[in-house]
Each structure stands twice: as structure tokens, then as C-alpha cells.
Amino acid sequence: MINETIKSSLRQAMGELGISPIPSDINLERPANRDHGDWSSNLALVISKEAGRQARELADEISEHINGNLPEGVVGVSTAGPGFINFKVSLSWLYQILIEVLEKGSTEFGRLEIGDGLNVNVEFVSANPTGPLHAGHARGACYGDAIANILSAVGYSVHREFYMNDRGLQMQIYGQSLQARKEGTAVPEEGYGGEYIIEWASLMPEGLTLPEIIDWGCAHAQLDQQETLAGLGIHFDTWFSEKSMIENGDIEKVLGDLTAGNASYEKDGATWLSSTTFGDDKDRVLVKSDGELTYLTPDVAYHRNKYERADWLINVWGADHHGYVARMKAAMHALGNDPDDLSIQITQLVKLVRSGKEVKLSKRQGDIIELRSIIEEIGSDATRFMYLLQSVDSKQTFDLELAASHAMENPVYYVQMAHARLCSIGRKAEEEGFSQVNLSVQELEILTHEREIEILRLLELFPEVIDLSARELAPHKIVTWTRDFANAVHGFYHDCYVIGEDVSPKLTNARLNLVVASRIGLKVGLDLLGVNAPDKM
RNA sequence: GCCCUCGUAGCUCAGUAGGAUAGAGCGACCGCCUCCUAAGCGGUAGGCCACAGGUUCGAUUCCUGUCGAGGGCGCCA
């Protein structure tokens, strides 16, 4: 890599000049301003105090020395500002990137090996099986699936998991609600009042007992949720049943082990987890005085089970669950698991608007906004792209009308259009009798237009973006890159004709290489997000 | 009262493991189609990076506090 070459040239120069201390880790960054070169080091600023010399003076000395013997791929070194050392890299480096992209194709380009095959379990959505998925589940669904894609691309072995709370009080109430609707009696006080209950009850077979109704209702809700998720292209490897842990004794076992480990105690007729010992702000009840389990206990058993199956656990939770992070980590700690192996990602709320007005209720059902109806309204691609548009750390507002529009202010269409245009060039080339042939660095040197260089620079940057988005579990960084890249593609499309009378065949060929590589880059980005890359629009 | 996330252009948001002149899209205004999709491209205007301290050669970025927005603080799930 070029930055390694630069780092070692800095080290070598310092050694030869007798400047110390030489830091173990030399920091190289990409300057925001291109005039400052392609790579920049703050080395002189960092060591100036310890070296007892002025930073600018050190920088001048080092850059002059390196200029006397430039490393391969570097065309110039200069100093600027308070003491930055700036490197300008040869364009041939960028042509090599282009060749690499073409060789790797959309199945290999951008793939990294930072995951080292580690097993990571990504648990997301995990809605109660008591009704259809609604708008509140959408962000977690899109986010969880995207990080699963990204982690998989950087070398983790990824498992997607959905945890079903298929037992307990909520299921009882759900069953009673279905039963009431089936029999035409009043839905219980705290019951489910949604329209869907009426519809589902009508689909239910006659004459079922309450436990049978619950089983049927659970299966039906699961099926409904699976369908909706499939509409977004989301598929889980495991639908983990809470009930199964009652049946196989896992919950009993976890309670026993907590007691044996002195991590729980009896008080006021209830069993408590000593979570304060492990960093929580208060102790939590595991078994209520009436003998019922709290929601926490099966959850603890479930997480322990996941620890046995994976090296790294990722949970995607809504903002309303942030208060449970400390207790879950405490419980895992108490069971002897490393709480750092559990990453809990909190997604902030999303407000939906339609032409500027907040949408709280669904038009059709009059109650909840079903996720299904959002997908129907704006499509799977727009749903995913819009929900991934920004960091999950901040609350989001987006306009359904905008997301559904086929207009330039819609970011989904902007990016997909860039891909379609690249394909359109390919079709045109074929019609004109050109076929894309991979070229050498020398043949690619004809690509010197500002627009072309911009595309190459973005392609070069992309693996770093993927790396960062994986480390930070931040798919929106991929989105930002695809938008920037689409912008570069549209600019190229506008200014650089690939086929035309005043374009030489050599240039056409070189540009076709660029077009195909761009298509690969954009496709890789959209694939990671789970958004289609259409050939035409 | 305590905890979590956020506060950047008129609007929606990027950026920040501390770096040089803080970016994009939309909206506004002005331009650009005989030609691979104008679903596009370019330009102009628009900023005390909420506020106040601290650390640092350097802070929008880190720390503390204040203010503001949203979400949580059950033997509910």
C-alpha cells in the first residue's frame, strides 16, 4: 500500500537525519483540501515538543530529505501550515486501482479480511409475535440487515437472528383478544384492539382452546412478519423461541447458576439479580413473588445461549430499551461472560412525514402504520435507503412522499440512476460495436479529466469506507459514499462522452474501463445496503 | 432527580479516533440539451459547528457545566 511506503520513508528520513523521537505509529491522513496533496502527516507537530525544535523547521528538513530520494509512487513532498508534511501521489497508482476493481468484480471488490472468520450473531427486529411489523420496527430491520451484510463482507461469519417472545403475559392477552374477536365478545381491557386482530381471528379455525389459539396466533404473526421482512429482502437464519427455553430447562439452569455464583438472592418473596455488583444502578427482579418470571430472566438465558454460539453478539434495540443495556451486560458478567463481547446498538426514533405533516396513523387501518404499507407505498429500495440514510444515533425525519418520488431530490433515485446510466453507456457501446477490454496502466493514462480522476479517487477510497463502516457499525457511511460516488458519475456522464465522433477509440476503450469499474463500485455499495442496482430506469 | 442519544447553512443531514479555508442534497437565485437517460450538470447567495469554561502547539471534534429536543428510569413486556 502506498501509505505504508510513505510511512517507512518518513521513518527512514528521520533516522538518517538523526531526528528523534520516532513515534511507533506514524499518522497519515487524507487532507480535506486537495491542494494539500493526497496524504498528509502531522509527524513534525507531534514530536516537536519532545524534540525541542520548531515543528515547521523539522517538517522542512524531513520533506527536503525525502524530496532528494522520492519513494516509488510519490511525485512530490512539501510542507505547509504549522508543520504538515504533504505527499502527492502519482496518478499511476489510481490506474492500478482501476485495474484491480475490474479484476475483482462486484463479488470481490471491497471485501476485506478484518473479521478473521469470527462468528458474529446479529439479533434484530425481535418484535413480539402478537401482530404485524409496524413503522417502529423498520429502522432496526434495515440497520440490522445492513450491518450483517457489511460484517459479512469484511470477513466475519454472520448469523442473523430474531428472538420471539412466544410465551408470557403478552401472549396470553393476545390469545384472549383473538378469542374475543372470534366469538364476538368484548376484547379484554388491556387487550389488542387493532383492526388486524379482527381479520386474523376470521382466518382462525373454529373451536380452538386458548392454548391452541395462542399457538395458532403466534405462528400466524410469525408468518406475517416473515412475509413483510421478505418484502425488504431480509431473511433470518434463526427464529429463536423463548418458549423453547422453558421446555428444555435453560431458564431453570440460568437461575440455578446465578444462585450458585452468588449473583442472586431472595428478598420480599422474590428472587433478585445482584446486578449492582456488575455495574447496574439497581438490582433487578428475576422471579416475582407470585412465582412468575420477569421478562429479564428468559432474556438472560437467551443471551447466555448466544454466547455459547458466537464470539461476538450484536443486538439492535430501539431507543426505548436503552435502560436495559446495563442490566443485560451485568447479567452476562455475572454468568462469567465478557460483557465487551456484547455490543448493543441503540437506534433513535424515526418520525414519518408526508408533505411536511407528521404521519402517526395509517390511512387504511386507522391505527398503527404497518411496515408492509410503507413498503407498498415507497418500495423496498427506497425504504431501505431512506432508513439507512443517516446515523442511527440521531433521530430521523423523512418524507414518504419524497421517498416515493421519481425526482432528482430523492436520493435513492439519484444513486440508482447513476447505475442505470452506466449500464446505458454499456448498451450504447455494444450497439456501436465496442466491447470493453481490460487495459494496462499505460493505456489508461489517457484518463486525465478531472471527472475521471474524481471517480478513481472515490473508488480508491471505498475499501476504507467499508472498513470504517464495519468497525463503527455505521452503514450510513456506505450510503454517503454511494451518494458522493453517484454525484461523480453524473458529472462524468455529463462532461465525458464515452462514445462519439470526437472521442478517439483509445479514449472510448479507456472510458469503458472506467464505466465498468464504476458500475462495480456502485453495485458493491448498493449490495451492502440491500438496495437494487437497476440496469435501466 | 438520574440515565441514553442528539444540537453543524432556511430545511434534511454528512464530517470529527484533535489538524490547515467546516461539506452535500433540497429550497432560493442565475446559467447549460442537435450528442451515451435534463430522473442530469455548473455557478451564486447562505455558518459565532447551541452556549460557557477546561485540556492542547491546535477543539466543531475530547472533558466539565448550562440551555434546548427526543427517549428511558415497574415484582409490565
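Just so we're on the same page: letters track the sequence lines, and every chain starts at 1. Values below: all heavy atoms of this structure, side chains included; hydrogens, waters and symmetry mates excluded.
Using cut-offs of 30° and 60° for the angle between ring planes, the A/Y387 and A/F398 rings count as perpendicular. Relative orientation of the A/Y265 and A/W272 rings is parallel, given thresholds of 30° and 60° on the angle between their planes. Below 30°, between 30° and 60°, or above 60°: for A/H137 and A/H134 the angle between ring planes is between 30° and 60°, a tilted geometry. The aromatic rings of A/Y192 and A/Y174 sit perpendicular to each other, their planes meeting at more than 60°, with 30° as the lower class boundary.
Using a 4.0 Å heavy-atom cutoff across all strands shown, A/K351 reaches no nucleic acid atom at all. When heavy atoms are screened at a 4.0 angstrom cut-off, A/A420 is found touching base atoms of the nucleic acid. Across all strands shown, A/E501 has no heavy atoms under 4.0 Å from either base or sugar-phosphate atoms. The residue A/D280 sits apart from the nucleic acid: no heavy atom pair falls under 4.0 Å. Residue contacts shown for A/C496 include a base, since a base heavy atom lies under 4.0 Å away. When heavy atoms are screened at a 4.0 angstrom cut-off, A/A80 is found touching base atoms of the nucleic acid. Residue A/H36 is classed as a base contact, given a heavy-atom separation below 4.0 Å to a base. Residue A/S40 is in base contact, counting any heavy-atom pair closer than 4.0 Å across all strands shown. When heavy atoms are screened at a 4.0 angstrom cut-off, A/Y493 is found touching base atoms of the nucleic acid.
Contact of the A/I62 side chain with the A/M14 side chain is registered, since non-hydrogen atoms from C-beta on lie closer than 4.5 Å. Contact of the A/V154 side chain with the A/D467 side chain is not registered, since no non-hydrogen atoms from C-beta on lie closer than 4.5 Å. No side-chain heavy atom of A/L286 sits less than 4.5 Å from a side-chain heavy atom of A/L293.
The distance between atom CZ of A/F385 and atom P of B/C13, rounded to the nearest whole Å, is 15 Å. The CZ-C1' distance, from A/F84 to B/G18, rounds to 10 Å in whole Å. Summarising the geometry, the separation between OH on A/Y497 and P on B/C32 is reported as 16 Å, rounded to the nearest angstrom. When rounded to the nearest whole Å, the span between CG of A/D467 and P of B/A17 equals 14 Å. Atom CG in A/N487 sits about 15 Å away from atom C1' in B/A39, given to the nearest Å. Here B/C13 presents its P atom at 7 Å from CD of A/Q396, a figure rounded to the nearest Å. Distance CG (A/L402) to C1' (B/G27): 12 Å, rounded to an integer number of Å. Atom OH of A/Y413 is separated from atom P of B/C26 by 17 Å (rounded to the nearest Å).
Distances shown here put a side-chain N or O of A/R421 below 4.0 Å from the OP1 or OP2 atom of B/A38. At B/C13, none of the side-chain N or O atoms of A/K395 fall inside 4.0 Å of OP1 or OP2 (strictly under the cut-off). Between B/A14 and A/S394, a contact under 4.0 Å exists linking OP1 or OP2 to a side-chain N or O.
Shown here, B/C49 is classed anti by the O4'-C1'-N9-C4 or O4'-C1'-N1-C2 angle, which is more than 90° from 0.
Rounded to the nearest Å, the gap between the P atom of B/G65 and that of B/C3 is 9 Å. With both ends at atom P, the span from B/G68 to B/U21 equals 34 Å, rounded to whole Å. Here the separation of B/U60 from B/G53, taken at their P atoms, is 13 Å to the nearest Å. When the C1' atom is compared between B/C57 and B/C41, the two are found 43 Å apart, to the nearest whole Å. With C1' as the reference atom, B/A59 and B/G71 are 29 Å apart, rounded to whole Å. Separating the P atom of B/G7 from that of B/U12 is a span of 13 Å, rounded to the nearest Å. B/C29 and B/G46 have their C1' atoms separated by 11 Å, given to the nearest Å. Going from the P atom of B/U44 to that of B/C26 covers 15 Å, rounded to whole Å.
Counting only heavy atoms from C-beta on, A/T397 has its side chain closest to B/C13 among B/C13, B/C36, B/C57. For A/R483, taking side-chain heavy atoms from C-beta onward, the closest of the listed nucleotides B/G25, B/U56, B/A38 is B/G25. Among the nucleotides B/U16, B/C36, B/G25, the one closest to any side-chain atom of A/K428 is B/C36. Here the side chain of A/D495 is nearest to one of B/U16, B/A14, B/C41, namely B/C41. Each of B/G42, B/C57, B/C36 was ranked by its minimum atom distance to the side chain of A/R451; first place goes to B/G42. For A/V46, taking side-chain heavy atoms from C-beta onward, the closest of the listed nucleotides B/G40, B/G19, B/C36 is B/G19. Residue A/Y414 has its side chain nearest to B/C41 when only B/A14, B/C41, B/U56 are considered.
Of the two residues contacting RNA chain B, namely A/I85 and A/A486, the nearest-nucleotide position lying further toward the 5' end is that of A/I85. Remark on RNA chain B: of its neighbouring residues A/H476 and A/F492, the 5'-side contact belongs to A/H476, judged by nearest-heavy-atom nucleotide.
Aromatic rings of A/Y295 and A/Y324 (six-membered ring for Trp) have centroids within the 6.0 Å cut-off, being under it.
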Practice problem: Treat primed atoms plus P, OP1 and OP2 as sugar-phosphate and everything else as base, then score nucleotides 71-77 of chain B 5' to 3': B for base contact with protein heavy atoms under 4.0 Å, S for sugar-phosphate contact only, - for none. | Solution: BSS-BBB
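Salt bridge status for A/K477 with A/E472: present, with a side-chain N to carboxylate O gap under 4.0 Å. Salt bridge absent: A/R327 and A/D281 never bring a charged side-chain N and a carboxylate O closer than 4.0 Å.
Side chain of A/T482 to main chain of A/G525: no donor-acceptor pair is present (N/O by atom type, distance under 3.5 Å, no hydrogens or angles). The backbone N or O of A/P339 lies less than 3.5 Å from a partner atom in the side chain of A/K329, making a donor-acceptor pair.
At a cut-off of 3.5 angstrom, the base of B/A20 holds no donor-acceptor pair with the side chain of A/N42. In the interface, the side chain of A/T480 is not paired with the base of B/A24 through any donor and acceptor atom under 3.5 Å apart.
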Quiz item: Dot-bracket, RNA chain B: Watson-Crick or G-U, under 3.5 angstrom, [ ] crossing, | other strand?
Solution: (((((((..((((.....[...)))).(((((.......))))).....(((((..]....))))))))))))....
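For residues 496-520 of chain A, the set of pairs meeting the side chain to side chain donor-acceptor pair (under 3.5 Å) definition, not counting sequence neighbours, comprises A/E452-A/R511.
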